[in-house]
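What follows is a single structure, written as structure tokens, with notes after it.
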Amino acid sequence: MNSIEASHAPDASGATPKQLDHIPNLRLSDGNEIPFLGYGLGTANFKRGDKSKFNEDVVAATVTALKAGYTHLDGAEAYGNEKELGTAIQTSGIPRSTLFITTKTSCRQGETIQQAFDRSLSNLSLDYVDLYLIHSPFFGSPLSSPEALQSAWAEMEAIKDSGRAKSIGVSNFLPHHLESILSTAKHPPVINQVEYHPYLQHEDDFVDFHRRHNIALAAYAPLTPITKAPGGPVDQVYERLANKYGVGEGEVGLRWVLDQGIVALTTSKREERLKGWLSKLPKFKLTPREVKEISEAGKGRHYRGFWNNRFEEGDRR
């Protein structure tokens, strides 16, 4: 990244990324940068059943993403495929220094975060990760109390101070979880990775809360209105804008996320689609009015694709 581009890198304030000939990075509150578009090892790559069995298909899919140009790879111990992710990185031949690698801990009962982190690095065959996240502090979790969250975050800060995780953040946290951490944090979380799409925009103050506290957002399942919940109120808006800009509806859905200054994660295994997003997304931007139009249409339907066992039907938090 040249100095001119770096000086204009958007941050967690929600500024829309400038239109460039490529997808830029987002500057985190600790000064590190994360690519705006990432390839996720969850969902389609999530290992079900016997997680001890090595899955070559996951390796192949991840290598495909790397070769297509994705440098931001998002993993988690809970996905069961950290070894596959590490093998894909080695197989690709792409220098580690050019990649942004994320993994997450679910904080198992009776285990320290340091133990989980050491295991993740071993599985990944890496000396460090670019981003380490605490995953899902929902009801019944070891992290369900403010005191537990603060204690866990102190462990995360120690890992950052060791240099083996360049940045630290959270996943699936609600504002009250973050407030517990922020009250004692030496290193505040730099990002919160959540399910985010037009049918799950969370409560009205959700995005603004993160911006006020300089915490970036990353969206998983951003294309849910297309992949899991078609036939809803955003369909016609996506179709019209896709025709206007000469792109697919998937590009419109991803652009809606990016144009809010939010990182987007995809899990597609199709090489053509992965390459298409990298080539087409930089070529257009939605106007603020179009972003708002999709947002307003999306509020006409509520759909949560993940963690339905933790939230009541209709709970938009």
- Item | Euclidean distance, Glu84 CD relative to Leu124 CG, rounded to 0.5 Å | 10.5 Å

- Could you tell me which non-hydrogen atom of Ile89 sits nearest to which non-hydrogen atom of Leu126, and how far apart they are? CD1-CD1, 4.3 Å

- Item | SB check Glu296 Lys299 (cutoff 4.0 Å) | yes

- Will you find, in the side chains of Gln150 and Ser180, an N or O donor that is under 3.5 Å from an N or O acceptor? no

- Report the C-alpha distance between Val263 and Leu37 in whole Å, list the side-chain angles of each, state the deciding distance to 0.1 Å, and finish with yes or no for side chain to side chain contact (heavy atoms under 4.5 Å, CB included). CA-CA 6 Å; Val263 173; Leu37 188 63; over 6 Å; no

- Query: Would Tyr245 and Glu290 count as having a side-chain donor-acceptor pair, cut-off 3.5 Å?
  - Reply: yes

- Task: Identify the two heavy atoms, one from Thr71 and one from Pro35, that lie closest to each other, and give their separation to 0.1 Å.
- Result: OG1-CG, 3.8 Å

- Measure from the side-chain N and O atoms of Glu271 to the backbone N and O of Ala65, and report whether any donor-acceptor pair falls under 3.5 Å. no

- Interatomic distance, Ser29 atom OG to Ile215 atom CD1 [nearest 0.5 angstrom]: 7.5 Å

- Query: How many angstroms lie between CG in Leu28 and CD1 in Ile34, if you round to the nearest 0.5 Å?
  - Reply: 5.5 Å

- With the 4.5 Å side-chain cut-off for hydrophobic clustering, are Tyr128 and Ile94 part of the same group? no

- Side-chain donor-acceptor pair present, His72, Asn25, cut-off under 3.5 Å: no

- Query: Are Asp11 and Arg27 within salt-bridge range, i.e. N to O under 4.0 Å?
  - Reply: no

- State, to 0.1 Å, how close Pro225 and Asp235 come at their nearest heavy-atom pair, and which atoms those are. O-OD1, 4.1 Å

- Item | Residue pair Asn243 / Tyr238, side-chain donor-acceptor N/O under 3.5 Å | no

- Query: Given the rule in the side chain to side chain contact (heavy atoms under 4.5 Å, CB included) test, do Gln260 and Arg211 qualify, once you have shown the distances and angles that lead to the verdict?
  - Reply: CA-CA 11 Å; Gln260 296 179 73; Arg211 290 174 177 168; 4.0 Å; yes

- Message: Restricting to non-hydrogen atoms, name the atom on Ala76 and the atom on Asn81 that form the minimum distance, rounded to 0.1 Å.
- Response: O-OD1, 4.4 Å

- Task: Would you name the heavy atoms of Asn32 and Ser167 that are closest together and state the gap between them?
- Result: ND2-OG, 2.9 Å

- Task: Determine whether the side chains of Glu179 and His177 contain a donor N or O and an acceptor N or O closer than 3.5 Å.
- Result: no

- Item | Test: Lys186 and Asp161 ion pair at under 4.0 Å | yes

- Message: So if I apply the salt bridge (charged side-chain N to carboxylate O under 4.0 Å, His left out) rule between Arg164 and each of Asp127, Asp118, Asp130, which one comes out positive?
- Response: Asp118

- Any chance the side chains of His187 and Asp30 put a donor and an acceptor closer than 3.5 Å? no

- Query: Atom CE in Met156, atom SG in Cys107: separation rounded to 0.5 Å?
  - Reply: 7.5 Å

- Query: Would a distance-only check, ignoring hydrogens and angles, find a side-chain to backbone donor-acceptor pair under 3.5 Å from Ser151 to Ala148?
  - Reply: no

- Are a donor atom and an acceptor atom from the side chains of Glu82 and Ser120 found within less than 3.5 Å of each other? yes

- Are any side-chain N or O atoms of His202 and backbone N or O atoms of Glu195, one a donor and one an acceptor, separated by less than 3.5 Å? yes

- Item | The single option from Tyr220, Trp256, Phe206 passing ring pair (Phe, Tyr, Trp, His ring centres under 6.0 Å) against Tyr196 | Trp256

- Please step through side chain to side chain contact (heavy atoms under 4.5 Å, CB included) for the pair Thr224 and Tyr303, ending with a clear verdict. CA-CA 9 Å; Thr224 290; Tyr303 183 94; 3.5 Å; yes

- Task: For the pair Asp205 and Arg212, find out whether any cationic side-chain nitrogen is under 4.0 Å from an anionic carboxylate oxygen.
- Result: yes

- Identify which one of Leu85, Leu41, Thr267, Thr102 satisfies the side chain to side chain contact (heavy atoms under 4.5 Å, CB included) criterion when paired with Asp74. Thr102

- Task: For Thr266 and Ser268, work out which heavy atoms get closest and say how close.
- Result: OG1-N, 3.4 Å

- Query: How far does CD1 of Ile134 sit from CD1 of Ile181, to the nearest 0.5 angstrom?
  - Reply: 5.5 Å

- For the side chain to side chain donor-acceptor pair (under 3.5 Å) test, which of Arg119, His135, Lys104 pairs with Glu77? Arg119

- Task: Cation-pi check, Arg301 to Tyr199: give yes when NZ or CZ is under 6.0 Å from the six-membered ring centre and within 45° of the ring axis, no otherwise.
- Result: yes

- Query: Between the side chains of Lys166 and Tyr132, is a donor N or O closer than 3.5 angstrom to an acceptor N or O?
  - Reply: no

- Item | Option from Leu286, Leu241, Val247, Ile294 for which side chain to side chain contact (heavy atoms under 4.5 Å, CB included) with Arg255 holds | Leu286

- Message: Regarding Glu293 and Arg289, does a basic nitrogen lie under 4.0 Å from an acidic carboxylate oxygen?
- Response: no

- Thr105 side-chain N/O to Ile113 backbone N/O, donor-acceptor pair under 3.5 Å: no

- For the atom pair OG1 (Thr112) and CD (Glu155), what is the distance rounded to the nearest 0.5 Å? 5.5 Å

